[in-house]
There are 2 protein chains.
Amino acid sequence: MEKIKNALIDKGIKPTYQRIKILEYLEKNTNHPTVDMIYAALYKNVPTLSRTTVYNTVDVFSKNGLINVLTITGSELRYDIHTDQHHHFLCKKCGRIIDMNIKCPYLEKAKNGEHKIEEIHGYFIGVCKDCLAKEKN
Amino acid sequence: MEKIKNALIDKGIKPTYQRIKILEYLEKNTNHPTVDMIYAALYKNVPTLSRTTVYNTVDVFSKNGLINVLTITGSELRYDIHTDQHHHFLCKKCGRIIDMNIKCPYLEKAKNGEHKIEEIHGYFIGVCKDCLAKEKN
DNA sequence: ATGACTGCAAAATATTTGCATATTC
DNA sequence: GAATATGCAAATATTTTGCAGTCAT
């Protein structure tokens, strides 16, 4: 918890109790949670927590590059601890988002174009291997 | 209009007046419109048109591969006539979505992985060249 | 102490659903 | 004529906003 606190201070973000808990949750849960999943999980231990605070906090975190925002499902935003550039796979059966470790030098090259590119996102949609296995039964 | 009608029949979609008009609009307007943009534009000439019908129709079209769904902005879904695989650039200043003609064989290779991949999406976020030019003034 | 953060309730926005009517082949 | 599509109104879900009170340094 002290480590997370310092990570926030380093970024110039005031390390409030709620923010530390939210960042802690995002570091432990790499399943790309929604705001509501973060809220529901933390509410048990932090009953005064408000959804508004979760919205505010993920907004602050993403503006400071601590986390990424995924727009992949189209119905809600999902959040992801910022690590090395990676892509995502959305299973249309179970709804899980799975990390894909693919390097794509062609996308990187686009940075030399006429527009100023700040973020690169890649994602795939299909059926994950677990759901494929279930289908066979 | 007859050509669009036949395109729908070919896909096994009943070519109703509303559907023809919506597909016609999407062919002419490659600016990746929202449902509301489609609705507002067509409402002038088709006053009985309902937003529900536009939602239904883009759903039918995307399921039949006539159009693509873009989740890039996170606040609403946007639609794009299906052409060759291409990627998108979202300008965070003006909100425009611009087509990027980049081929990325590395993303294609992911199809050989353990998950069944049906769609490949890539997008970039940044500041477009027009907004960059304006900033300099 | 002061400026930033939190949390509640209400609002705004986007999308979905139920159902009666209309349209297509 | 049967099946499908349309359109309205109401419901749902997500996210944003205004504001009063609280907390961190």
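The chains referred to below are lettered A, B, ... by the order of the sequence lines, with proteins before strands, and numbering in each begins at 1.
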S.K.: So among A:Thr53, A:Val60, A:Asp59, A:Val54, which one has a side-chain contact (heavy atoms from CB on, under 4.5 Å) with A:Thr57?
M.R.: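 Answer after filtering A:Thr53, A:Val60, A:Asp59, A:Val54: A:Thr53.
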
S.K.: Within the 4.0 Å heavy-atom criterion, would you say B:Thr52 contacts the bases, only the backbone, or no part of the nucleic acid?
M.R.: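 Since a base atom lies under 4.0 Å of B:Thr52, the category is base.
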
S.K.: First locate atom NE2 of B:His86, then atom CG of B:Asp80, and finally report the distance between them rounded to the nearest 0.5 Å.
M.R.: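 Interatomic distance, B:His86 NE2 to B:Asp80 CG, rounded to 0.5 Å: 4.0 Å.
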
S.K.: Considering heavy-atom distances to DNA chain D, does A:Lys5 or A:Leu77 have its closest nucleotide positioned more toward the 5' end?
M.R.: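 Its nearest nucleotide lies further toward 5', so the answer is A:Leu77.
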
S.K.: Base, sugar-phosphate, or nothing: which does B:Thr48 touch, judged by heavy atoms less than 4.0 Å apart?
M.R.: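 Result for B:Thr48 = sugar-phosphate.
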
S.K.: Base, sugar-phosphate or nothing for A:Ser75? Non-hydrogen atoms, less than 4.0 Å.
M.R.: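 The answer is sugar-phosphate, as A:Ser75 gets under 4.0 Å only of primed atoms, P, OP1 or OP2.
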
S.K.: Of the options D:dT16, C:dG7, C:dT6, whose atoms approach the side-chain atoms of A:Arg19 most closely?
M.R.: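 Side chain of A:Arg19 sits closest to C:dT6.
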
S.K.: Side-chain N or O of B:Tyr55 less than 4.0 angstrom from OP1 or OP2 on C:dT16?
M.R.: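 Negative; the distance criterion is not met.
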
S.K.: On the nucleotide C:dT23, are OP1 or OP2 found under 4.0 Å from the side-chain N or O atoms that B:Gln18 carries?
M.R.: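 So the side chain of B:Gln18 is outside the cut-off, no N or O lying under 4.0 Å from OP1 or OP2 of C:dT23.
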
S.K.: Ignoring backbone atoms, establish whether A:Thr53 has a side-chain N or O less than 4.0 Å from OP1 or OP2 of C:dG7.
M.R.: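 Yes.
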
S.K.: Would you say A:Lys129's side chain and B:Glu114's backbone share a donor-acceptor pair under 3.5 angstrom?
M.R.: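 Side chain of A:Lys129 to backbone of B:Glu114: no pair is present.
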
S.K.: Distance-only, no hydrogens or angles: does the A:His115 side chain make a donor-acceptor pair with backbone N or O of B:Val127 under 3.5 Å?
M.R.: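 Side chain of A:His115 to backbone of B:Val127: no pair is present.
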
S.K.: Check the distance between C:dT6's P and A:Ile20's CD1 and give it to me in whole angstrom.
M.R.: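 Between P of C:dT6 and CD1 of A:Ile20: 10 Å.
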
S.K.: Could you check how far CD1 of B:Ile13 sits from P of C:dC25, rounded to whole Å?
M.R.: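 Going from CD1 in B:Ile13 over to P in C:dC25 covers 13 Å.
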
S.K.: Could you give the NZ-to-C1' distance, from A:Lys21 to D:dC23, as a whole number of Å?
M.R.: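 That distance rounds to 18 Å.
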
S.K.: Both A:Ser50 and B:Arg78 contact DNA chain C. Taking the nearest nucleotide for each, which residue is further toward the 5' end?
M.R.: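 Taking each residue's closest nucleotide, the earlier one in sequence belongs to A:Ser50.
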
S.K.: Between A:Val46 and B:Val35, which residue's closest nucleotide on DNA chain C lies nearer the 5′ terminus?
M.R.: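 Result: A:Val46.
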
S.K.: Taking CG from A:Asp36 and C1' from D:dT12, how many angstroms apart are they, rounded to a whole number?
M.R.: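 Atom CG in A:Asp36 sits about 13 Å away from atom C1' in D:dT12.
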
S.K.: Taking 4.0 angstrom as the limit, do B:Asp130 and B:Lys134 come out as a salt bridge?
M.R.: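 Judged by the 4.0 Å cut-off on N to carboxylate O distance, B:Asp130 and B:Lys134 do not form a salt bridge.
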
S.K.: What is the separation between atom NZ on B:Lys63 and atom P on D:dA5, rounded to the nearest whole Å?
M.R.: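 In whole Å, D:dA5 P lies 12 Å from B:Lys63 NZ.
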
S.K.: Just how far, in rounded Å, is C1' of C:dA4 from CG of A:Leu8?
M.R.: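 Those two atoms, CG and C1', are 15 Å apart.
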
S.K.: Send over the distance from B:Tyr43 OH to D:dT6 C1', rounded to a whole Å.
M.R.: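 That distance rounds to 15 Å.
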
S.K.: Would you mind reading off the distance between B:Asn56 atom CG and D:dA5 atom P, rounded to a whole angstrom?
M.R.: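 So the two atoms are 9 Å apart, to the nearest Å.
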
